[in-house]
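Notes follow once the structure below has been shown.
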Amino acid sequence: ITFTKSAGWLDWCPEPGAPRFRLPVGAVDAHCHVFGPGERFPFAPERKYTPCDASEEQLFGLRDRLGVGRNVIVQATCHGADNRAMVHAVRAARGRARGIATVRPDVSEGELRALDEAGVRGVRFNFLKRLADTAPKDDLATIAAKIAPLGWHIVIYFEAPDLPELEDFFATLPIALVVDHMGRPDVGRPVDGPEFSNFLRFAERTGAWVKVSCPERLSLSGPPALDGERNAYTDVVPFARKVIEEFPDQVLWGTDWPHPNLTDHMPDDGLLVDHIPHIATTPELQRKLLVDNPMRLYWPGEIS
Ligand SMILES: O=C(O)/C=C(\C=C(/O)C(=O)O)C(=O)O
C-alpha cells in the first residue's frame, strides 16, 4: 500500500542543529510519535491526515543527536486505534521508551495487558475535531475505568476554548491526567488573563501533569527567522514559565517529533531544546522537568 501525504504537509527537519543547551543525563522526550512506515504499518482509514513516514530508527537518531535518554511515544491519530507502529517502536527502544495508546471502549482486558507488557502506560483522549471524531463521554469513562487497574493515566489533548465545557468531565475521571501542550493557550492573550488563569486553576483542581511542549504550534511570533533570537517562540515563554513555576513537580517536556500538521514552518528540534532554559530557568527546574517528573510517571520502578 502506498500513501500520499496530505496537501501542504511539512516533513520533519532532516538535519536539526546541535542544541547549545546540554540536556541532563537521562532526559525524557515525553511527547513524540512515529508514523508508519506506511507500507508496514498502514495509516488508519478513518484518519484525518496522511503524514510522511517517520520511523523509530529516525526517532532514536534524533534522541541520540539531541542528548535525550528516553522517549514517551504517543499514538498519533493518523493510526487510529491500531497501535502496532507505536508498540513496535516502544519495543525497539528496549526499555528506553514507554507508549501512550488509543483504544476503543470495547478493548479487552487481554489487549490492555498485552499493551502494558509492551510498555504502554496510558491512553490518549483527543478533543481536536480536525484530528479525530471524539468518542462520547460515556465511552471515554468506560475506557478510564478499564485502564485504572493497570495504573495507567489519560493524556488529554484539547484547545483552551474547549476547557470550560470539558473540565467537569475531566475531574470525574478516576485516574491521573496529563495535558498535551499546556491545553493550547492563545498566547496572544495575557498570561495572567482569565483564560490561562482558568487553565491553571484546572491543573490545580485535578493535579494534572502538564506538558510544556509545542511552542512552535502555539507561537504567533514564529520561528527565529522572524525573531532573530536563538530561543525564538518568545511569546510562548511566559506561559510555559508560569506553568513550570506553579507546578514544578507536575510538568513534562517533549519535542512532538515528527511534528504533524504544522503549516507555516517546521521547527529545528535543536532549537526546541534551546527553548528549555528560557522556560525552566534553573538547573533544579530543568532536572524536575526533564528527568525527575517523567521518570516518576513512566519509570517509577527505576528511580534511584
Ligand atoms: O502531535 C501533536 O501532539 C499534535 C497534533 C497531532 C497529533 O497529536 C496526532 O495526530 O496524534 C496536531 O496538533 O495536529
Side-chain angles (χ1 to χ4, degrees), residues 3 5-13 28-36 38 41-56 58-59 62 71-87 89-90 98-104 120 122-135 140 153-163 177-187 208-220 233 236 240 251-267 269 272 275 294:
F3 294 91
K5 291 182 288 190
S6 298
W9 184 268
L10 298 181
D11 288 358
W12 38 273
C13 174
V28 178
D29 177 350
H31 189 96
C32 51
H33 307 282
V34 288
F35 296 150
F41 300 112
F43 301 113
E46 71 271 21
R47 69 186 178 279
K48 295 202 172 183
Y49 66 86
T50 303
C52 57
D53 286 340
S55 68
E56 79 279 0
Q58 292 159 329
L59 174 63
L62 177 74
N71 295 90
V72 179
I73 305 172
V74 177
Q75 175 76 353
T77 57
C78 56
H79 280 294
D82 178 351
N83 295 289
R84 286 176 297 161
M86 177 271 293
V87 167
V90 172
R98 291 291 193 227
I100 296 294
T102 294
V103 300
R104 304 297 183 223
V120 170
V123 302
R124 193 182 198 208
F125 292 168
N126 196 304
F127 295 88
L128 275 72
K129 294 176 181 52
R130 65 174 169 82
L131 288 177
D133 296 331
T134 304
L140 300 179
H153 56 266
I154 295 170
V155 175
I156 45 180
Y157 188 26
F158 59 88
E159 292 173 307
D162 298 333
L163 180 57
L177 300 173
V178 179
V179 177
D180 280 343
H181 319 328
M182 299 191 284
R184 288 193 67 122
D186 174 353
V187 300
W209 300 70
V210 181
K211 294 178 193 172
V212 291
S213 44
C214 281
E216 74 286 357
R217 286 185 189 285
L218 303 173
S219 178
L220 303 173
Y233 309 120
V236 180
V251 285
L252 304 165
W253 172 82
T255 59
D256 193 33
W257 188 90
H259 310 286
N261 303 309
L262 291 181
T263 51
D264 58 356
H265 77 291
M266 177 52 65
D269 296 279
L272 295 178
H275 192 70

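Indexing begins at 1, ligand by ligand and atom by atom, following the structure's order.
- Here K48 has no heavy atoms under 4.0 Å from ligand 1, in either its backbone or its side chain.
- Residue contact check: P260 has heavy atoms under 4.0 Å from atoms 1 (O), 5 (C), 6 (C), 14 (O) of ligand 1.
- Residues H181 and H31 place their aromatic rings such that the two centres sit under 6.0 Å apart.
- Between R130 and K48, the closest side-chain pair of non-hydrogen atoms is not below 4.5 Å.
- Applying the 4.0 Å criterion to heavy atoms of A76 picks out, from ligand 1, the atoms 11 (O).
- A distance of 11.5 Å separates CE of M182 from CG of D180, quoted to the nearest 0.5 Å.
- Looking at L220 and D186, their side chains come closer than 4.5 Å, going by heavy atoms from C-beta outward.
- The distance from ligand 1 to the heavy atoms of H33 drops below 4.0 Å at these ligand atoms: 1 (O), 2 (C), 3 (O), 8 (O), 11 (O).
- Nearest to atom 7 (C) of ligand 1 by heavy-atom distance, out of Q75, R124, E159, is R124.
- In this structure, the side chains of F158 and L163 come closer than 4.5 Å at one or more pairs of heavy atoms.
- Heavy atoms of H79 stay at 4.0 angstrom or farther from ligand 1.
- Within the listing of ligand 1, atoms 2 (C), 3 (O) sit less than 4.0 angstrom from a heavy atom of H181.
- With Y157, F35, Y49 as candidates, the residue nearest to atom 13 (O) of ligand 1 on a non-hydrogen basis is Y157.
- A donor-acceptor contact closer than 3.5 angstrom links the side chains of D29 and T255.
- Numbered from 1 in the order shown, with element, the atoms of ligand 1 that lie under 4.0 Å from a heavy atom of R184 read 13 (O).
- For the pair H259 and ligand 1, no heavy-atom separation below 4.0 Å is found.
- Centroid-to-centroid, the aromatic rings of Y157 and H33 stay 6.0 Å apart or farther.
- Ion pair D256/K211 not flagged as a salt bridge, since none of the NZ, NE, NH1 or NH2 atoms sits closer than 4.0 Å to an Asp/Glu carboxylate oxygen.
- Both the backbone and the side chain of T77 come within contact range of ligand 1, each with a heavy atom under 4.0 Å.
- Two residues are said to be in side-chain contact when any heavy atoms from C-beta on lie closer than 4.5 Å; R184 and L218 meet this criterion.
- When only non-hydrogen protein atoms are considered, atom 2 (C) of ligand 1 lies nearest to D256 OD1, 3.2 Å.
- Atom numbering of ligand 1 starts at 1 in the shown order; those under 4.0 Å from a heavy atom of H31 are 2 (C), 3 (O).
- The shell of residues lying under 4.0 angstrom from ligand 1, judged by heavy atoms, includes L131.
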